[in-house]
Novice: 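Sharing a structure with you now.
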Amino acid sequence: MSNRYRTHNCNELRKKHVDTNVVLSGWINKKRDHGNLLFIDLRDNYGITQCIIEKENSNFRELEKTQLETVIRIEGKVVNRSKETVNNEISTGEIEVGIIKFDVLGACRELPLPVFSDQEYAEDIRLKYRFLDLRRKKIHENIILRSKVISYIRSEMNNLGFLEFQTPILTSSSPEGARDFLVPSRLNPGKFYALPQAPQQFKQLIMVSGFDKYFQIAPCFRDEDARADRSPGEFYQLDLEMSFVEQEDVFNVVEELLINTFKQFSNKKILFNKFPRIKYKESMLKYGSDKPDLRNPLIINDITEIFLRDDVKFEIFKKLVKSGSKVRCIVTKKTKDRPRSFFDNIDKWAKEQGASGLAYFTFENEKKLSGKGPVGKFFSEESLREIMNITGAEVGDSIFLACSKQKELEKITSIARDKIAKDLEIIDNSVFAFCWVVDYPMFELNDLTKKIEFSHNPFSMPQGDINQINFENPLDILAYQYDIVCNGVELSSGAIRNHIPELMYKLFSIAGYTKKDVNEKFSGMINALSYGAPPHGGIAPGIDRIVMLLAEEKNIREVTMFPMNQNAQDLMMNAPSDVSEKQLKELNINLKNKK
RNA sequence: GGGGGUGUAGCUCAGUUGGUUAGAGCGAUCGCCUGUCACGCGAUAGGUCGAGGGUUCGAGUCCCUUCACUCCCGCCA
C-alpha cells in the first residue's frame, strides 16, 4: 500500500531499496543531535528506521526542535550505511533514510512518561496514559501476541468443527457464584439485568438447541476484588461446550488445542504431551493445592502416624496430633551440607506466613542413623527408618515438618513447597507443565455454617451409575468436574454437565434448595433440560492467563490493553463516573448518599 | 473488610544519628558538536518531600491520623 503518508512502513527498507525515494510516517522514537547532523529513529507498529538530516537542509532547525513522540511524515532517499555504522540490532540497520523534507502530522506535548525506555513506571501513570504506555516495546508486543493467540485459537476451533456464537451480555442475576455486576432496566422499573459471570447456562442451552459443538471468546464479568493474575471486573474465556461427550473427549480436544497453541507461540518445552491426571484428593495431599506446579519436584507426605509412636519424643507435635492435627513433610534431596541459615530462613519465612514455623532435620548415618538439627534428637532410629520408608528420603536428605489442622496444613505446605523449591533453584523455568486435576467432590462442608454446599459447579454430573448414587454420604460423591493447570496457574475449570432434571433437583436438595428454589433460580436451564437434553460437557480456559504464560508476565495488566486498576477504576476513561439526575430518574434510581 | 510494601523535580531514584540553601540520571529550555544508534559536552528552569496533625531549638528523616498506588488474605460456584 502506498499513499500520501507512506510508501513503506518502518520495518520494510533493506539494502535493495538503496537510491529509491520513499515516504515514511511514524513517531519520533529517539533523536541524536550532533549539531550539524541529526539522527531520527522513526518508529511505527512494524519497526524502526534511522533517518538522517544535515544542517544544509532548510528543515534542519525545525526538525531539531521537534519533540519526541511527535508524529511526522518524511520524504527522503534510502542510502547505504557504511560498514562501521551498520546497526545489527534492528532489521533496517543496513540502510538509513536521507531526509529531503518532513511534515508534522501530530504534535506532541511534553511527555508524562517516556516511551523509549525499559524502566518500570508507576501503575497509575501508565494506566492514565495507557495510549503512551502501549507504544512501549514490551507491552506493544504482548498485545500483538494476544491478538495472534486469539486468532489462532479461533481458527483451530473452527477446524475442529466448533461453531462460534455470541451470547447475551445483558442477562439475569444468578444466585450462585461471584458477585454480579447489575444494570438497571429503564423499561422495567426496579428490575436489573446482570452481566454474565460466564455464558454457563447459555452454552448448555446451545447444546439443548442441538448445535453439538460451540465456542466463543467470551467476555466474563465478576464483581470481585483483583489480584495480580485477576482483573477486576472483566476477563475473557475460551468458552466451549460439546454434546454426546465423556470427560476424556473434552480432554482430548483441549490437550490438542493447548499443545498446538503453546508450541506455536513459545519456544518453551511442553513437559507432558499427555497431560497427567491428578485426583483432587491426591493433589491436596501431595501438593497442598488443587493447582500444583509440576515443574517443582518436591512432594508433600503425610507422616501423622509417626507421632503416635512411643519412641518419638516430639511432644508438641504429639500433643497436637492427639487433638486432631496432622503432620506433613517435605523432603529435600542431598541438602545435608546446606548452611544452617538455609534452614532457619525457611523456618523464619514460615513464621512470617502465619504458621508456627517449620521444624527440620537432616538424615545422617555416622555410626548409626540419626536426625541432625534442632528436632532430630526426638526421633528414634526405628522411627527415622519408617519416615524414610514413607517419604523415600535417604541419608543426606533433609526434611521439613509442619503440624496443624488439615486446611491450614495444606496451605502452609503448599506455599512452603514453592518457597523451598525457589530457594533450592530446582524449578525449571524453561518448560510448561500442564496437568488435569480430576475427581472433585460434588459437595463440601462449610466450616462456619456446618452446612453442605456445592464445592464447585452445581450443574456438574456426579460420577458413577446415576441410579446407584449413595446420597446418604453426599461428601463422598465425586463429580465429573475438572481443572486444567499449567505451571501452578489455574487455566480453567470445566465439567460434564448434569442434564437430568430429577437428578439435579436431588443434588440441589442436598445443598438445601427446594424444587421450587431451583425452578425459580434456574428456570431457563431446568425447563430446557426437561425437553430432551443431550449429555454434554465443556470447559472454559482463561485467555488472559494463557497469554500471560506465553508472554512470561506475572501481571494480567501486562497482557490487557485497557485494564482497570485494583479499585476497578479506569483512570484513562474515568470510569466509573457520576451520572446525571435525568439518567437516574429515567432508571427509577434514588441515590442514598448524595454528595 | 484485614495485613504488608511504596509515595522526594515531568519520569526513575538517592538523601547518613533529626542539623546549613533537599541531590543525581533521563526529560524540558538555551548553547556547542558531521556518524550516532542509551551520542557527547556546557548552562538554565523545575520541589506543598502524598495530605493533615504532633514531638523538637530544629523534621524529607521520629510519632499519630489520613489519602493514593501496589502485593497478599478474605472473596473469585
Side-chain angles (χ1 to χ4, degrees), chain A residues 29-43 48-57 60 64-65 67-69 79 81-90 92-93 96 98 108-129 132-133 136 174-180 197-198 200-201 220-233 235 352-354 411 415 440 442-444 446 448 453-460 479 481 483 490 493-495 507-508 511 513 521-522 540 542 554-555 557 564-567 569 571:
Chain A
N29 192 55
K30 191 72 190 159
K31 287 191 296 189
R32 287 174 297 281
D33 188 352
H34 291 239
N36 294 312
L37 176 72
L38 171 65
F39 295 100
I40 300 276
D41 287 342
L42 195 70
R43 183 195 73 238
I48 286 179
T49 302
Q50 174 168 288
C51 305
I52 182 168
I53 188 166
E54 297 190 0
K55 198 165 195 173
E56 291 71 40
N57 190 307
F60 184 86
E64 201 181 23
K65 298 295 165 214
Q67 284 268 358
L68 296 184
E69 293 306 310
V79 292
R81 291 207 210 180
S82 67
K83 230 178 210 163
E84 315 82 67
T85 61
V86 163
N87 182 355
N88 291 314
E89 306 280 304
I90 54 174
T92 59
E96 60 198 12
C108 180
R109 297 198 293 191
E110 189 178 345
L111 295 166
L113 64 94
V115 170
F116 174 67
S117 169
D118 293 328
Q119 269 180 346
E120 300 204 17
Y121 302 98
E123 197 91 24
D124 39 354
I125 295 169
R126 292 183 59 193
L127 293 182
K128 183 167 180 195
Y129 296 97
L132 288 178
D133 191 39
R136 296 167 63 222
S174 62
E176 294 281 317
R179 210 173 284 118
D180 283 317
Q197 295 179 23
Q200 180 62 38
Q201 295 194 51
C220 303
F221 305 91
R222 295 178 192 173
D223 188 5
E224 297 293 350
D225 289 357
R227 289 287 183 277
D229 63 350
R230 202 166 84 198
S231 290
F235 60 96
E352 283 164 9
Q353 303 304 309
K411 204 165 158 185
I415 56 176
Y440 276 82
M442 190 85 212
F443 299 101
E444 65 187 3
N446 183 315
L448 286 176
E453 296 178 346
F454 286 107
S455 70
H456 237 72
N457 184 329
F459 303 128
S460 300
Q481 164 82 45
D483 274 17
E490 184 192 324
S493 30
L507 293 166
F508 267 98
Y513 292 81
K521 286 168 176 161
F522 307 102
K554 288 209 166 62
N555 193 301
R557 291 183 297 274
M564 297 200 282
N565 70 8
Q566 193 164 47
N567 295 324
Q569 299 158 339
L571 299 175

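Residue numbers begin at 1 in each chain, while the letters A, B, ... track the order of the sequences.
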Novice: Looking only at side-chain atoms of A:A228, point me to the closest of B:rU70, B:rC76, B:rC72.
Specialist: B:rC72

Novice: To the nearest 0.5 Å, what is the distance between OH on A:Y513 and CG on A:L507?
Specialist: 12.5 Å

Novice: What nucleic acid atoms does A:K128 come within less than 4.0 Å of, heavy atoms only: base, sugar-phosphate, or nothing?
Specialist: nothing

Novice: From the list B:rC30, B:rU70, B:rC76, which nucleotide is the closest neighbour of the side chain of A:L127?
Specialist: B:rU70

Novice: Who is the Watson-Crick or G-U wobble partner of B:rG18, with both distances under 3.5 Å?
Specialist: none

Novice: Using the C1' atom on both, measure B:rG53 against B:rG46 and round to a whole Å.
Specialist: 29 Å

Novice: Under 4.0 Å from OP1 or OP2 of B:rU36: is there any side-chain N or O of A:R32 that close?
Specialist: no

Novice: What's the closest nucleotide to the side chain of A:D225 if the choices are B:rC75, B:rG10, B:rU70?
Specialist: B:rC75

Novice: Quote, to the nearest angstrom, the C1' distance that separates B:rG60 from B:rG18.
Specialist: 11 Å

Novice: Using both distances under 3.5 Å as the test, list the Watson-Crick or G-U wobble partner of B:rA68, or none.
Specialist: B:rU6

Novice: List the steps, then state whether side-chain contact (heavy atoms from CB on, under 4.5 Å) holds for A:M564 with A:Q569.
Specialist: CA-CA 5 Å; A:M564 297 200 282; A:Q569 299 158 339; 5.8 Å; no

Novice: Need one value for A:N457: base, sugar-phosphate or nothing, where a base atom within 4.0 Å counts as base even if backbone is also close, heavy atoms only.
Specialist: sugar-phosphate

Novice: Can you tell me the pairing partner of B:rC49 across any strand shown, Watson-Crick or G-U wobble, with both distances under 3.5 angstrom?
Specialist: none

Novice: Could you check A:Q119 against A:R136 for side-chain hydrogen bond (donor to acceptor under 3.5 Å, both in side chains), going step by step and ending with a plain yes or no?
Specialist: CA-CA 10 Å; A:Q119 269 180 346; A:R136 296 167 63 222; over 6 Å; no

Novice: Would you classify A:F39 as touching base, sugar-phosphate or nothing, given that sugar-phosphate means primed atoms plus P, OP1 and OP2, and contacts are heavy atoms under 4.0 Å?
Specialist: base

Novice: So, is A:R126 close to the B:rU12 phosphate, meaning a side-chain N or O under 4.0 Å from OP1 or OP2?
Specialist: no

Novice: If you check every side-chain atom of A:Q67, which of B:rC11, B:rC75, B:rU29 has the closest atom?
Specialist: B:rU29

Novice: Choosing from B:rC33, B:rU12, B:rU36, which nucleotide comes nearest the side chain of A:E64?
Specialist: B:rC33

Novice: Identify which nucleotide among B:rC76, B:rU12, B:rC69 has an atom closest to any side-chain atom of A:N567, counting heavy atoms from C-beta outward.
Specialist: B:rC69

Novice: Any base atoms under 4.0 Å from A:K83, or only sugar-phosphate, or nothing? Heavy atoms, all strands.
Specialist: nothing

Novice: Just checking A:F459: base, sugar-phosphate only, or nothing, at a heavy-atom cut-off of under 4.0 Å?
Specialist: nothing

Novice: Can you check the A:I125 CD1 to B:rA68 C1' distance for me, whole Å?
Specialist: 12 Å

Novice: When the C1' atoms of B:rC63 and B:rC72 are compared, how many Å lie between them, rounded to an integer?
Specialist: 27 Å

Novice: Could you check whether A:D118 gets within reach of a base, just the sugar-phosphate, or nothing at all, counting any heavy atom under 4.0 Å?
Specialist: nothing

Novice: For the base of B:rC69, is there a side-chain donor-acceptor partner from A:D124 under 3.5 Å away?
Specialist: no

Novice: Under the rule for ring-ring contact (aromatic ring centres under 6.0 Å, His included), what residues qualify as partners of A:F459, not counting sequence neighbours?
Specialist: A:F522

Novice: Rounding to the closest angstrom, what is the interatomic distance between B:rG25 and B:rU21 at atom C1'?
Specialist: 22 Å

Novice: Is the base of B:rG74 touched by the side chain of A:E224 through a donor-acceptor pair closer than 3.5 angstrom?
Specialist: no

Novice: Give the nucleotide from the list B:rC75, B:rA38, B:rC37 with an atom nearest to the side chain of A:K30.
Specialist: B:rA38

Novice: Expressed as a whole number of Å, how far does the C1' atom of B:rG7 sit from that of B:rU61?
Specialist: 14 Å

Novice: Work out how far the P atom of B:rC11 is from that of B:rU16, and round it to whole angstrom.
Specialist: 22 Å

Novice: Does a nitrogen or oxygen in the side chain of A:N88 sit under 4.0 Å from OP1 or OP2 of B:rC37?
Specialist: no

Novice: Got a salt bridge between A:D225 and A:R230, using NZ or NE/NH1/NH2 to carboxylate O under 4.0 Å?
Specialist: no

Novice: If the P atom of B:rA38 is compared with that of B:rG27, how far apart are they to the nearest Å?
Specialist: 13 Å

Novice: Looking at B:rC41, which nucleotide sits across from it as a Watson-Crick or G-U wobble partner, both distances under 3.5 angstrom, or is there none?
Specialist: B:rG31

Novice: From C-beta outward on A:Q119, which listed nucleotide comes closest to its side chain: B:rU70, B:rU12, B:rG35?
Specialist: B:rU12

Novice: Please answer whether B:rU36 and A:H34 are stacked, defined here as ring centres separated by less than 5.5 Å and planes angled under 30°.
Specialist: no

Novice: Please determine if a side-chain N or O atom of A:Q569 lies less than 4.0 Å away from the OP1 or OP2 oxygen of B:rC69.
Specialist: yes

Novice: Would you sort out whether A:L42 and A:Q50 count as a side-chain contact (heavy atoms from CB on, under 4.5 Å), showing the intermediate values?
Specialist: CA-CA 6 Å; A:L42 195 70; A:Q50 174 168 288; over 6 Å; no

Novice: Can you tell me, in whole Å, how much space there is between the P of B:rU12 and that of B:rU70?
Specialist: 14 Å

Novice: Hey, does the side chain of A:R227 come within less than 4.0 Å of B:rC73's phosphate (OP1/OP2), counting only N and O?
Specialist: yes

Novice: For A:F235, check ring-ring contact (aromatic ring centres under 6.0 Å, His included) against everything at least two apart and list the hits.
Specialist: none

Novice: Of all the choices, B:rG74, B:rC37, B:rU70, which nucleotide is nearest to the side chain of A:R81 once you look at every atom?
Specialist: B:rC37

Novice: Closer than 4.0 angstrom, basic N to acidic O: yes or no for A:E69 and A:K30?
Specialist: no

Novice: Regarding A:L111, tell me which of base, sugar-phosphate or nothing describes its non-hydrogen contacts under 4.0 Å with the strands shown.
Specialist: sugar-phosphate

Novice: Could you check whether A:Q197 gets within reach of a base, just the sugar-phosphate, or nothing at all, counting any heavy atom under 4.0 Å?
Specialist: nothing

Novice: So, does the side chain of A:R222 form a donor-acceptor pair with the base of B:rC75 at under 3.5 Å?
Specialist: no

Novice: Could you check whether the side chain of A:Q50 and the base of B:rU36 have a donor-acceptor pair of N or O atoms closer than 3.5 Å, going by distance alone?
Specialist: yes

Novice: From the options B:rC71, B:rC69, B:rG27, select the nucleotide whose nearest atom is closest to the side chain of A:E110.
Specialist: B:rG27

Novice: Assess the residue pair A:N457 and A:Q481 against the criterion (side-chain hydrogen bond (donor to acceptor under 3.5 Å, both in side chains)); give the C-alpha distance rounded to whole Å, side-chain angles, the decisive distance to 0.1 Å, and a yes or no.
Specialist: CA-CA 8 Å; A:N457 184 329; A:Q481 164 82 45; 4.9 Å; no

Novice: With both distances kept under 3.5 Å, what pairs with B:rC62, Watson-Crick or G-U wobble?
Specialist: B:rG54

Novice: Can you check whether any acceptor in the base of B:rG10 is under 3.5 Å from a donor in the side chain of A:R109, or vice versa?
Specialist: no

Novice: Within the structure shown, what part of the strands sits under 4.0 Å from A:P458 by heavy-atom distance: base, sugar-phosphate, or nothing?
Specialist: base

Novice: For B:rG25, give its Watson-Crick or G-U wobble partner with both distances under 3.5 Å, or none.
Specialist: B:rC11

